[in-house]
Amino acid sequence: MTAPEISAPRYGPADSWRTPRFTGPRTFMRLPHVVTTQDVDLAVVGVPTDDAVSYRSGARFGPEAVRSASVLLRPYNTHLKVNVAERLSMVDYGDCPTVPGYHERTLEQIAQHLLPLHEAGVTPLCIGGDHSMALAELRAAARVHGPLALVHLDAHSDVWDSYYGARYFHGTVFRRAVEEGLVDPHRSVQAGMRGTLYGAGDEDEPGALGYDSIPWAELEGLSPQQYGDRVRARVAGAPAFLSFDIDFVDPAFAPGTGTPEVGGPTSGQALAYVRALTGIDFRAFDCVEVAPAYDAGGITAWLAASACHEMISLAAVARPVRAR
């Protein structure tokens, strides 16, 4: 019995053996800019918005910076032993439409833009943009997949009730997601939280909503494998959403963000925690809060691009090899 021939994905990155990485338009990983769902497994989508930040603005320029940094990425992941370009048909889907100054309208437009991807079975990987955009991502995903398990790496839990009297902020997004029935908190894990708070009760808020909360002081004592096992047990086969806030990483390694928190993981540790999340049915990913105006030599954008590659690799590992 002969083995089936391997079918190449329709869309993939430009061949950097033939054309230098610094040439061509700045798409993620030099993927073709194609706005289609046909023959597409994964679509990278920029979300240039930062109307809901509480401190330093500038994340609206995050997608541009991460795309530019991503030209250094190669398709083979040496840790997960997968060539993402051989396993996935991938496109850069361009940017979501936004309305500067009208945040709730922006959230509506982001959800409308992403919904056709989910309906077509395409996995979106969104690059932000401030973390409030995750509410729109979850609205689109939950319309198709139902409530999702949230896997959240961040220095902040983002479950406050309001900021300055406003309910839709980057620090309130995962409370709103529970209230709207978009995530199942009892299958969700938040990890990496640290830094000063407004009061002792703030530490209890994620658990009160039903989340499994792992502060950095606990997470740093877990190996990536132990963390991954805990998440897999909690998610228990549910459709899931992975949200990676770049401020999860210590600002020594990721200074280009709006609300940095010292005393966190190195870039290598952070990528290892993402990489450990194999075997989970992720229906969407994001990487948020990159603010290039505060970056140092582009290291934050390079880290964000690498985190996105790890997420793409998770999707690639989960997809069977194509046969003709």
Ion pair present between R67 and D95, side-chain N to carboxylate O less than 4.0 angstrom?
-> yes
With the threshold set at 4.0 Å, does a side-chain nitrogen-carboxylate oxygen contact exist between R167 and E104?
-> no
Salt-bridged, D247 to R194, with N to O below 4.0 Å?
-> no
Calculate, to the nearest 0.5 Å, the distance between atoms CZ and NE2 belonging to R139 and H118 respectively.
-> 13.5 Å
In sequence, state the C-alpha distance, the side-chain angles, and the governing distance for I127 and F28, and then conclude on side-chain contact (heavy atoms from CB on, under 4.5 Å).
-> CA-CA 10 Å; I127 302 173; F28 187 85; 3.7 Å; yes
Can you check whether H131 and F174 have ring centres sitting under 6.0 Å from each other?
-> yes
Indicate yes or no: does R230 engage E218 in a salt bridge with an N to O separation below 4.0 Å.
-> yes
Trace of the side-chain contact (heavy atoms from CB on, under 4.5 Å) decision for L314 with F282 = CA-CA 8 Å; L314 294 175; F282 287 115; 4.1 Å; yes
Nearest-0.5 Å distance, NE2 of residue H79 to CD of residue E310 = 6.5 Å
Pair D15 + R30: basic N to acidic O under 4.0 Å | no
Got a salt bridge between R60 and D51, using NZ or NE/NH1/NH2 to carboxylate O under 4.0 Å?
-> yes
Closest non-hydrogen atom pair between V82 and V317, with its separation | CG1-CG2, 3.8 Å
In sequence, state the C-alpha distance, the side-chain angles, and the governing distance for H113 and Y93, and then conclude on ring pair (Phe, Tyr, Trp, His ring centres under 6.0 Å).
-> CA-CA 10 Å; H113 192 73; Y93 201 71; 5.4 Å; yes
